[in-house]
Amino acid sequence: MKTVHSPHHVLQNAEAEFIRGRKVPSFEMPRRAELVLERVNAVSLGPVIEPKSFGTDPILKVHDRDFVTFLATAWETWSTENGPIDAFPNAWPPPRSSRVRTNRPGAELGRYCIDLSSPIMAGTWTAATAGADTALTAMEIAAGADKCAFALCRPPGHHAGRDYFGGYCFLNNAAIAAQAWLDRGLDKVAVLDVDYHHGNGTQDIFHDRADVLTVSIHADPQHEYPYYSGYADETGEGEGAGFNLNIPLAWGSDYATYAPALAEALARIAGFGAEALVVSLGVDTFGGDPISRFRLVNADFTTMGRTIASLGIPTLFVMEGGYAVEDIGVNAVNVLTGFEAAR
Ligand code: OKP
Ligand code: ZN
């Protein structure tokens, strides 16, 4: 399997995030991608190539223009006022707030940023667009003779919605790739999100559409980020009614619990008639993950990859979360080698 990866990911390098009132070193760090790349090379998964540049058009197919403009210019506006300090919101608009634009960058940030995990810095826009290009380049490979590819994206993307960012995510790499795959002529694409956290941004982007089935297996949002979505009763709306499936699982879930959820997810995707699959590949379901509470072991990821291959459709893997840094390479690449061995 080919891997697409951009060195620009290092430009997103947050010093800190806030967890339960404490400022702590960011769990989302460049070393994550470096160790996945090392593992890709160690097992000779296949060639590693750099992405092509696709510009903003495919991004604007899933994100609002004013949001994209904001992301592209936020650092300049912020740093002019605040200097070279990572940008966090100063406030969030309460319900029924005015949309009159303020002159304070920290106040405008609150309109688009959903949490205190995702600072904007000088290289955020470059890193985020490199991630989108990585997903798009890998999608073209998966759509061709290879039938599969690995987009080693960083920062991750699945928490980024049409007009908001957060959860370490700025642009929704998986959604951008799924949309571009449809735009190449497919009628139905499925997104399967196996990250420990609900893929709220992806659900939001395709919420009212029947041409993209979104499925997410994740920790119960009553206990876990992103808290405000990911419940089983969210099944899509309008034309998208019936085209979203959430499978929340309890804290402490191991693969004995996970396997039936994955089987249900894959059965739904097969029943939908997906012509292609985008996997939002988070490996923070691992038992050793420092911010998560599932109990998968290294070998379970191989089983997961093998099981996903049973769908038998072109598949793009897009890297999302995973913070047990020393195991992230083994776990992510186990999914890919499990997939390859079975297809
Ligand atoms: C990103 B991905 C809650 C803090 C949550 C954000 C977590 C983002 C996870 N105590 N911080 O889905 O792996
Ligand atoms: Zn996650």
Side-chain angles (χ1 to χ4, degrees), residues 9 12 14-33 35-36 86 88-89 92 113-120 124 127-128 131 135 151-161 164-175 191-205 214-230 246-249 251 253 258 261 278-296 301 304 317-325 327-329 331-332 335:
H9 79 87
Q12 181 66 24
E15 176 210 320
E17 64 179 300
F18 293 87
I19 298 188
R20 298 184 203 185
R22 288 175 205 275
K23 189 176 189 185
V24 300
S26 178
F27 284 95
E28 203 294 296
M29 59 181 77
R31 185 154 168 76
R32 297 178 54 250
L35 287 177
V36 176
D86 287 3
F88 287 96
W92 281 272
C113 178
I114 61 173
D115 65 18
L116 289 172
S117 309
S118 319
I120 286 180
T124 298
L152 209 186
C153 295
R154 190 196 155 266
H158 72 149
H159 296 305
Y164 57 83
F165 71 97
Y168 314 140
C169 303
F170 301 91
L171 295 173
N172 195 316
N173 306 311
V191 182
L192 171 62
D193 192 320
V194 297
D195 188 279
Y196 174 80
H197 303 92
H198 174 233
N200 61 312
T202 315
Q203 171 176 307
D204 172 48
I205 286 167
T214 46
V215 179
S216 183
I217 306 169
H218 48 262
D220 182 346
Q222 282 195 287
H223 298 276
E224 283 291 359
Y225 189 90
Y227 310 119
Y228 312 111
S229 67
N246 285 330
I247 309 180
L249 301 177
W251 271 353
S253 292
Y258 200 91
V278 177
V279 179
S280 267
L281 179 56
V283 294
D284 39 9
T285 49
F286 179 58
D289 196 275
I291 65 169
S292 308
R293 300 210 194 186
F294 283 179
R295 291 187 189 150
L296 272 57
F301 292 93
M304 185 189 295
F317 292 91
V318 177
M319 193 74 215
E320 302 282 1
Y323 308 96
V325 173
D327 284 84
I328 184 177
N331 291 337
V335 175

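Atoms within each ligand, like the ligands themselves, are counted from 1 in listed order.
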*asked:* Within rounding of 10°, what is the angle whose vertex is the Zn ion (ligand 2) and whose arms end at OD2 of Asp195 and OD2 of Asp284?
replied: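 Roughly 90°, rounded to 10°.
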*Heavy atom of Arg20 under 4.0 Å from ligand 1?*
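The answer is no: ligand 1 sits nowhere under 4.0 Å from a heavy atom of Arg20.
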*Below 4.0 Å from any atom of ligand 1, is there a heavy atom belonging to Ser117?*
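Ser117: in contact with ligand 1 (<4.0 Å).
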_Lys23 with Glu17: basic N within carboxylate O range, under 4.0 Å_ =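 Judged by the 4.0 Å cut-off on N to carboxylate O distance, Lys23 and Glu17 do not form a salt bridge.
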[X] and [Y]: side chain donor to acceptor below 3.5 Å:
X: Tyr196; Y: Glu224; value: yes
X: Asn246; Y: His198; value: yes
X: Tyr225; Y: Asp115; value: yes
X: Asp193; Y: Thr202; value: no
X: Gln203; Y: Thr214; value: no

*Between OG1 on residue Thr285 and CZ on residue Arg293, distance to nearest 0.5 Å*: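 Rounded to the nearest 0.5 Å, the OG1-CZ separation comes to 15.5 Å.
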*Nearest option to atom 3 (C) of ligand 1, as decided by whichever heavy atom of Tyr196, Tyr227, Phe27, Tyr168 sits closest*: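 Heavy atom nearest to atom 3 (C) of ligand 1 belongs to Tyr227.
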*Can you sort out which atoms of ligand 1 are near His158, meaning under 4.0 Å from one of its heavy atoms?*
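Result: 2 (B), 12 (O).
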*Does Asp195 reach ligand 1 with a nitrogen or oxygen that is under 3.5 Å from one of the ligand's nitrogen or oxygen atoms?*
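N/O-N/O distance under 3.5 Å: yes.
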_Tell me which N, O or S atom from His197 is the closest to the Zn ion (ligand 2)._
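When I compare the N, O and S atoms of His197, ND1 is nearest to the Zn ion (ligand 2).
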_How far is atom 2 (B) of ligand 1 from the closest protein heavy atom, and which atom is that?_
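I find the closest protein heavy atom is Tyr323 OH, 3.2 Å.
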*asked:* At less than 2.8 Å, would any N/O/S atom of His218, backbone or side chain, sit next to the Zn ion (ligand 2)?
replied: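 It does not; every qualifying atom lies at 2.8 Å or beyond.
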*Backbone, side chain, both or neither: what part of His159 comes under 4.0 angstrom of ligand 1, heavy atoms only?*
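It is the side chain that touches ligand 1; the backbone stays farther off.
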